[in-house]
J.: 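Just dropping this structure here.
Letters go in sequence order (proteins before strands), and every chain restarts at 1.
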Number of protein chains: 2
Amino acid sequence: MRNPKEAAHKATGHTQRGQCSKRLSILDAAAEVFCRQGFAGASIDEIAVEACVSRQTIYNHYREKETLFTAVVEDVMNRTNASLFSILATFPDKPGNLEDDLSAFAVRLTKNCLCNQDGQFLRKLVQSEGERYPQLFEGWRKHGPGKIGTALAALFARLSYGGVLQMEDFDLAARQFLALVNADLQMITLFGESPTDEQLESAAHNAVRTFLRAYSTPATPLSAATPLLKATVG
Amino acid sequence: MRNPKEAAHKATGHTQRGQCSKRLSILDAAAEVFCRQGFAGASIDEIAVEACVSRQTIYNHYREKETLFTAVVEDVMNRTNASLFSILATFPDKPGNLEDDLSAFAVRLTKNCLCNQDGQFLRKLVQSEGERYPQLFEGWRKHGPGKIGTALAALFARLSYGGVLQMEDFDLAARQFLALVNADLQMITLFGESPTDEQLESAAHNAVRTFLRAYSTPATPLSAATPLLKATVG
DNA sequence: GTCAAAATAGACACTATTGTCTAAAACGTC
DNA sequence: GACGTTTTAGACAATAGTGTCTATTTTGAC
C-alpha cells in the first residue's frame with residue numbers, strides 16, 4: 001500500500017488534489033486486484049469498487065485495461081526501486097560488528113523491499129505475466145534484482161579488500177546472500193502471507209550466520225555457537 | 001510434457017487409438033495452457049485445440065473447468081513427487097567425494113524436479129492460484145518441498161554423525177542448500193526459460209562449494225580454489 | 001455564485017467464454 | 001458386419017467482461 005506522504009505524487013501543475021487522489025486510489029486498488037487475480041482474472045468493475053470510483057473514471061485516466069496494468073507495474077517498480085536505493089545506502093561504512101550489520105541490513109531489505117506488499121506484487125506478477133510483457137519487466141530485471149545484486153557485490157568487494165571477507169566471485173556471493181535470506185521466507189511469501197518481524201529477523205540471522213561461515217576470513221570469528229533460533233516455517 | 005510419444009500423438013491429430021491417450025492429451029495440454037495463461041486466462045477451447053480434441057470430449061472427462069484444473073495439478077504433483085522420491089534414493093550411501101556427490105545430486109534434483117516443465121508449472125501455479133486453492137496446494141507444500149526438506153535434512157544428519165559435516169540445525173541446512181542451488185537459477189526460471197545443462201551444473205557447483213565452505217568439517221578440505229565458473233545469468 | 005473540468009450512474013453493443021445439447025461419425029470389440 | 005461406446009462438430013443459452021456513450025451531478029477554482 002502507498003505511503004500517505006507520497007500524496008505529493010506530482011502530476012501536471014494544474015491538477016487538483018481530488019484528481020490526484022483518484023489516480024492513486026485507482027493505482028492502489030488495481031495493484032491489489034491484479035495481484036490477487038492476475039491480469040486476466042481481474043475485472044475493471046472489481047477495481048472500480050475497490051477504489052471507490054466509477055468504472056468510467058478509470059477509463060478517463062487509462063485508455064484500456066492493459067494501459068492500467070502497465071501503469072500499475074511501473075508505479076510499483078518505481079516505488080520499490082526508490083525504497084531499494086535508500087536502503088542500499090544504509091549499510092555502515094565502518095562496520096562495527098559485521099554479523100549484526102549484515103543481519104540488520106538483510107532485515108531492512110526484506111522488510112521494505114523484498115517481502116512487503118510491493119515486493120510480493122512484483123514477484124507474483126513477474127512470475128505470472130512476465131512472459132507476456134517481457135519489455136515491461138525487463139526494467140525490473142535490470143533495476144530491481146540487478147541493482148541489488150551489483151550493490152551487494154560492491155559491498156562484498158569492499159569488505160573483501162578490507163580483509164573481513166574472503167571470496168572469489170562477488171556477484172555470486174551477492175546472489176547467494178539473497179538466496180540464503182529468502183531460504184526461510186519463500187514458503188511464507190509463496191502463499192501471499194507476510195512474514196512477521198520475528199520471522200524476518202530469524203531468517204536474516206540464519207542467512208548471515210551461514211554466509212559468514214562460508215565467506216568470512218578465519219581472523220573474523222563468528223558469534224559462538226549459541227543455540228540457533230529454529231525458524232518454524234510451517 | 002509427459003513423454004515424447006504423446007507429443008507425436010498430438011501432432012497426428014485425429015488418428016488416436018486409445019481413449020486413455022485422450023485423457024493424457026487433455027491433461028498435458030491443460031497443464032501447458034494453465035501454466036501459460038493462468039486459470040482465469042486459460043480457455044477450454046484453447047486447451048481443446050492444443051490437445052487435438054473436441055471441447056465436448058473435455059467435458060466428458062471433467063465436469064467443469066475447475067475439475068480439470070485440480071486434476072491437472074494433482075497429476076503434475078504425483079508425477080513430480082514420484083520423480084522426487086526416486087531421486088532422493090540416488091544419493092550414495094558411502095560417498096566417495098562429497099563435493100562431487102552433492103553436486104551431481106543437486107543437478108539431478110533441479111533437472112528432473114525443480115526446474116523441469118512440471119516444476120515450473122507447480123511453482124507458477126502455486127504462486128498465482130495458491131491463495132484460491134489452499135487445500136489443493138497443501139499437499140504440494142507437505143509432500144513437495146516438505147519431503148525434499150526432511151529427506152535432505154536426514155541426509156545431512158547422517159553426514160554430520162559421520163563426521164563429514166558440522167551443523168546445528170539440519171532442517172535449516174536443507175532449506176539453505178536448496179536456496180543456494182536456486183540462487184543462480186531463479187532468474188532464469190522466473191521468466192519461464194529452462195536452464196541449460198551447463199547452467200544447472202554451474203549452479204550446483206557454486207551452491208555446493210559455498211555450502212561446504214559453511215558446513216564441512218575442517219578435516220574435509222574443499223577442492224582447491226580453482227577459478228570458479230561464473231554463472232552468467234542475464 | 002459561476003463555470004469548466006471531472007466524476008458518476010446507467011444503458012449499450014460487442015466479444016469471449018462456459019457449459020449443454022443433439023445428431024452424425026469414428027472406433028473397438030465381438 | 002453389428003453394436004455399444006466414445007468422439008466430434010456445431011448450434012445454443014447464459015453469463016461476464018470490455019470499452020463506449022450520454023445525461024446528470026459533483027467538485028474545485030475564480
J.: Measure up the A/F34 and A/F39 rings against each other and bin them: parallel (under 30°), tilted (30 to 60°), perpendicular (over 60°).
T.: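 Answer is parallel, since the angle falls under 30°.
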J.: Using whole Å, report how far CD of B/E66 lies from C1' of C/dT17.
T.: 15 Å
J.: Would you say B/H61 places a side-chain N or O within less than 4.0 Å of OP1 or OP2 belonging to D/dT7?
T.: yes
J.: Counting side-chain heavy atoms from CB outward, which of D/dT18, D/dT8, C/dT20 is closest to B/Y59?
T.: C/dT20
J.: What about the rings of B/F170 and B/F177, do their centers lie closer together than 6.0 Å?
T.: no
J.: To the nearest 10 degrees, what angle separates the axes at the start and end of the helix from C/dG1-D/dC30 to C/dC30-D/dG1, five pairs each?
T.: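 Both end axes considered, the difference amounts to 40°.
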J.: Send over the distance from A/Q37 CD to D/dA16 P, rounded to a whole Å.
T.: 14 Å
J.: Could you tell me how far apart B/L24 (CG) and D/dT7 (P) are, to the nearest whole angstrom?
T.: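 My rounded result for the distance is 12 Å.
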J.: Mind checking whether B/F91 and B/F105 have ring centres under 6.0 Å apart?
T.: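 Ring centroids of B/F91 and B/F105 are less than 6.0 Å from each other.
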J.: Select base, sugar-phosphate, or nothing to describe what A/E64 touches, counting heavy atoms under 4.0 Å on all strands.
T.: sugar-phosphate
J.: If each of A/V53 and B/I44 is mapped to the nucleotide of DNA chain C with the nearest heavy atom, which maps nearer the 5' terminus, i.e. the 5' end?
T.: A/V53
J.: How many Å lie between CZ on A/R23 and P on C/dA6, as a whole number?
T.: 11 Å
J.: Could you give the NZ-to-P distance, from B/K65 to D/dA16, as a whole number of Å?
T.: 14 Å
J.: Touch check for B/A48, heavy atoms < 4.0 angstrom, all strands: base, sugar-phosphate only, or nothing?
T.: nothing
J.: Please state how far atom CD1 in B/I58 lies from atom P in D/dA9, giving the value in whole angstrom units.
T.: 12 Å
J.: Please determine whether a side-chain nitrogen or oxygen atom of B/K22 lies at a distance below 4.0 Å from atom OP1 or OP2 of D/dT8.
T.: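 For D/dT8, OP1 or OP2 has a side-chain N or O of B/K22 closer than 4.0 Å.
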J.: Tell me the interatomic distance from B/F69, atom CZ, to C/dT18, atom C1', rounded to whole angstroms.
T.: 17 Å
J.: By nearest atom, which of the nucleotides C/dT20, D/dT18, D/dT20 is closest to the A/Q56 side chain?
T.: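 The answer is D/dT20, which lies nearest to the side chain.
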J.: Can you tell me how far P of C/dG19 sits from CG of B/N60, to the nearest Å?
T.: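 Distance, rounded to whole Å: 14 Å.
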J.: Aromatic ring centroids of A/F137 and B/F191 under 6.0 Å?
T.: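 They do not qualify: ring centres at least 6.0 Å apart.
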J.: With no hydrogens and no angle check, do the side chains of A/S54 and A/T57 hold a donor and an acceptor under 3.5 Å apart?
T.: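 Their side chains do contain a donor-acceptor pair, which is all the 3.5 Å distance test asks for.
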J.: Would you indicate, yes or no, if D/dT8 has its OP1 or OP2 atom less than 4.0 angstrom from a side-chain nitrogen or oxygen of B/T57?
T.: yes
J.: Ring-plane angle category for A/Y133 and A/F69, please: parallel below 30°, perpendicular beyond 60°, tilted otherwise.
T.: tilted
J.: Name the closest nucleotide to the B/R55 side chain, picking from C/dT18, D/dA11, D/dA9.
T.: D/dA11
J.: Which atoms form the tightest heavy-atom contact between B/Q176 and A/N206, and what is the distance?
T.: NE2-O, 3.2 Å
